[in-house]
Amino acid sequence: MATSTLQLKTNYAVLDKIEPFYKGGKVQISTDENYIFCTCGTRVNVLEIATGKVIQRIEQDDQEDITSFTLSPDDEVLVTASRALLLKQWDWRESRCVRTWRAIHTSPVASMTFDPTSTLLATGGCDGTIKLWDVVKQYCTHNLKGSPGVVHLVQFHPDSALLQLFSSSMDCRIRVWDLRTSQCLCVLESHYSAVTSLAFTPDGSTLVSSGRDKICTVWDLKSKTPTRTVPVFEAVEAVVLLPQGADVSRIGVKNEGLHFITAGSRGVLRVWEASSGRCIFTQTLPTGHPTGKAESDDGDEHSFTCCHPLPSSSRVAAVTAEHNFLLYDLPSLTLQQQFVGYSDDILDVKFLGPEDSHIVVATNSPQLKVFELASSSCQILYGHTDTVLSLDVFRKGCMFASCAKDNSIRVWRLSPATGQVCCVAQGLGHVNAVGSISCSRMKESFVASGSQDYTVKVWELPESLRSKEGGGVEALTARVTEKGHDKDVNSVAVSPNDKLLASGSQDRTTKLWALADLSLLGVFRGHRRGVWCVQFSPVDQVLATSSADGSVKLWGLQDFSCLKTFEGHDASVLKVIFVNRGTQLLSSGSDGLVKLWTIKTNECVKTLEAHQDKVWGLHSSRKDDLMVTGSADSCITIWKDVTDAELEEEQAKQEDQILKQQELSNLLHEKKYLRALGLAISLNQPHTVLRVIKEIRGEEEGQEQLDRTVLKLRQDQKEALLGYCVVWNTNARNCQEAQAVIQALLRHLSPEQLLQCKGLRSALEGLLPYTERHFQRIGRLLQASMFLDYMWQHMRVTGQDSVAVQDEEMDRGLPLFVVDKQPSYSQAVMEEEESTEDTMGEEEDGASVDHGVGSAKKASMGTVGVSRGAKDAQEEEEEDPEEVEDDDSDVSAANKARVGGADGARQPEDSEEEEEEKEEEQKENVQPSPASEEEEEEGEEEQQRVRRDRRPRKCKTGEVDTRPAPRQTRASRRRR
């Protein structure tokens, strides 16, 4: 297969959509003649006449069908009535419901209208009652009873001062109600069938009524009597008065008398002269339109259902039973615009015109619809007598062919100058419905068709058709016919060189034919169910087929083998086409999906969703930048290739990202934190935002600066920042920044401002549990620090009060604990008693050895903790010799007590006395005493610690500890 260097398509976007907007019911045109209001199930659609687009969709919340609606004469108030017996007042420009109230009727409202002042609203119900409402003061003013059956027509007199209301119900009579007395003034009897419309003259003196009894009656309202009964020979659905003084001579009006237009079952507009009762003008039927009959049924599909005058623009609007809106120019009653309200199932759709300016659509009807994409205006083509099934367009785009269930094919031509389409040729020959058709690719020379009679035909086109603009319809003859399949032929396709023909059938096979004589070249077998579509590649010798088995297959034309299979649809694949010069495929299926495939990789690049039902129609434009799809949901979607646009957008985003990143770095370097924070939030970079906040908090008065910066952010930026804080708060490393931002928001924003933040509830739900966890962790750390502080406050330095030492050291700026490298002052005393201690140490057992080790540890801890305050105390002792002598005597007494204490295991009584003495000494140490007594007691304790430390100890190995004794201090040498 040929490779391509083209940029592969990646995505399509919806460019336009033609949707159904009217499925029957009431139609009303605004007073300014710019909008058409019509019902479509549960909603009222507002169609803009200039563009043909639906600009507003007013939908019921309760999903109940709308039974009636009306628009006030000032175009401000729209009131709807639903099957739920509710009346709703709407601001239709904003699709907002202003007021809802009960209709009081016991059955649904069938008709409603406003008075000329737009203040009174009249509703006629199926229960035979009429109720009037004051829309301004919002209360019911009248309840008129007396009409039998459904009140299907209510209308106010044009003179609001008269306060008269006209109504009609199932008894075929017209009642005139006086609103001052709430009584029926009179009953106008003339019709023998349902009255369909009323038309008043501008002065209000004359009334023209129409009915399905095929007559129109002219009434003199002063005398309440009929002045003329005009037989119109058709069921009339609407009557419109011609404006007086307007030039309407082109439709046969030659005097200034009363003239009116009727629209009814014949599907044509006719002009009548009221004084003589003559029809002076009949509208010409479109080409191919079936001729109306006087005896046609009321429900004929070509009949009119309503008609409205547009006096400001000199036009008349009519609605057909097929839900089509027709706008006629009043002086000549020629068609100006046409809108299709409902198309039923879309069976096929193709681009049409040299510039793909139109699309032609085959719906579930005998008519073809040609839409102009610019204005959505539609041209309806009549010719086929049964449902059109398939379409195909010639290469130049001005001619196309259609086939239908009437066993015929037709060739149509579009005039580029006028945009009008006409039928130029017709071919008859199939004995069953023609299901598919394909046009020649190189020249407009032939068409091929496949039918449900299992045959394939090739039709020659005469040379004269290429230049023919109109006139008669030429007959086509089949050049060759071949029975190709055992079941219905669903699809045929002509190769790009006009030499091959492929056909796909319900018998699960695809066959390749030579176009010259329809000789069979080969058969493609592999699908498990019927083949719906066949398509030739524009560049390769490859054929694509789609089947009801949900797969798309590529076949080689040389050996008829399957090259690739694409599977992804959940139901039948109804259509497949090549795009991007044969490198990619587009397929549509019964699942309502359109898929884009890359042939080289067998990959589904994109799945497009825009339909709710089977996608029967799929076609690509000549420039390969547009695609159109048609579905059984009555929607036509036009797609645009946005691959290049998305690529450019992505590149622009990357460039903009790089520029913003550089700007952010510059702002951080310049310490412009407000702009940096806002830029980081706009870039959606939470990590960068966190870095900015950390730098702000690192500055002097960081919290205050952070508060000022956060408060200057926009509301959306604050909301984004709050969302970031929720994430940061989950991590102990970043929780401080998150809490700082939250503190700034809570301290400076009022509760009302906080409630305006979007997503505040979810943010609080994410913040609370982690914040509680952080506070628990901080509480544990604080408890541990208080324990350390407690220990610190109760630790004392040897030689003097710990608090005094702490205060002194803190004042001097020196470390609180230092290691004393000088020898102890009691070294001499310890040397004298070494012999005694050695002897006693050898006699001790294992338990006393352990006790000695523990004492040594305590002594070592005490000796290491000698501070500069202890050295000062030693200097004071050296300066006072009397105190030194007292200390020596105390030391000797302590030595005796130490010697006696070493034999505690054999003298328990002495050890108990010693313990009592020690406890008394500890109590005395805790109690405050004079400075001299404290010094003496501390000196004695120090001597005891030194003696314990110098005592030889046995190690676990049984040897005597021979570590060197601490060096002697000057005080000890002096005492010695």
For [X], does the [atom1] atom sit with more than 12 other heavy atoms under 6.0 Å from it, leaving out its own atoms?
| X | atom1 | value |
| --- | --- | --- |
| K595 | NZ | yes |
| Q657 | CD | yes |
| R525 | CZ | no |

Mind checking whether [X] and [Y] have ring centres under 6.0 Å apart?
| X | Y | value |
| --- | --- | --- |
| Y454 | H485 | no |
| F446 | F394 | no |
| Y342 | Y22 | no |

Would the distance check show the side chain of [X] and the main-chain N or O of [Y] forming a donor-acceptor pair, the cut-off being under 3.5 Å?
| X | Y | value |
| --- | --- | --- |
| N490 | V531 | yes |
| Q452 | N432 | no |
| S390 | S436 | no |
| S588 | V615 | yes |

How many angstroms lie between atom [atom1] of [X] and atom [atom2] of [Y], to the nearest 0.5 angstrom?
| X | Y | atom1 | atom2 | answer |
| --- | --- | --- | --- | --- |
| K405 | S451 | NZ | OG | 12.5 Å |
| E19 | K17 | CD | NZ | 5.0 Å |
| D656 | E649 | CG | CD | 11.5 Å |
| K606 | C604 | NZ | SG | 9.5 Å |
| D453 | D488 | CG | CG | 9.0 Å |

Salt bridge flag under 4.0 Å for residues [X] and [Y]:
| X | Y | result |
| --- | --- | --- |
| K623 | D356 | no |
| D392 | R441 | yes |
| D498 | K443 | no |

- Task: Show the numbers, then the answer: is there a side chain to side chain contact (heavy atoms under 4.5 Å, CB included) between V628 and F371?
- Result: CA-CA 12 Å; V628 61; F371 290 89; over 6 Å; no
Please output the side-chain donor-acceptor pairs of residues 542-554 that fall under 3.5 Å, not counting sequence neighbours, one pair per line with the distance.
unit_1	atom_1	unit_2	atom_2	d
T545	OG1	H527	NE2	2.7
T545	OG1	W555	NE1	2.8
S546	OG	V573	O	3.1
S547	OG	R529	O	3.1
S547	OG	G530	O	2.9
S547	OG	D549	N	3.2
S547	OG	D549	OD1	3.2
D549	OD1	S551	N	3.1
D549	OD1	S551	OG	2.8
D549	OD2	H527	ND1	3.3
D549	OD2	R528	N	3.1
D549	OD2	S551	OG	3.4
K553	NZ	T565	OG1	3.1

- Task: Tell me, please, which residues at least two apart from S343 pass side chain to side chain donor-acceptor pair (under 3.5 Å).
- Result: none
- Task: Describe, in one word, how the ring planes of W412 and H384 are oriented to each other, choosing from parallel (under 30°), tilted (30 to 60°) and perpendicular (over 60°).
- Result: tilted
- Task: Determine the minimum heavy-atom distance between A493 and V534, stating which atoms define it.
- Result: CB-O, 3.5 Å
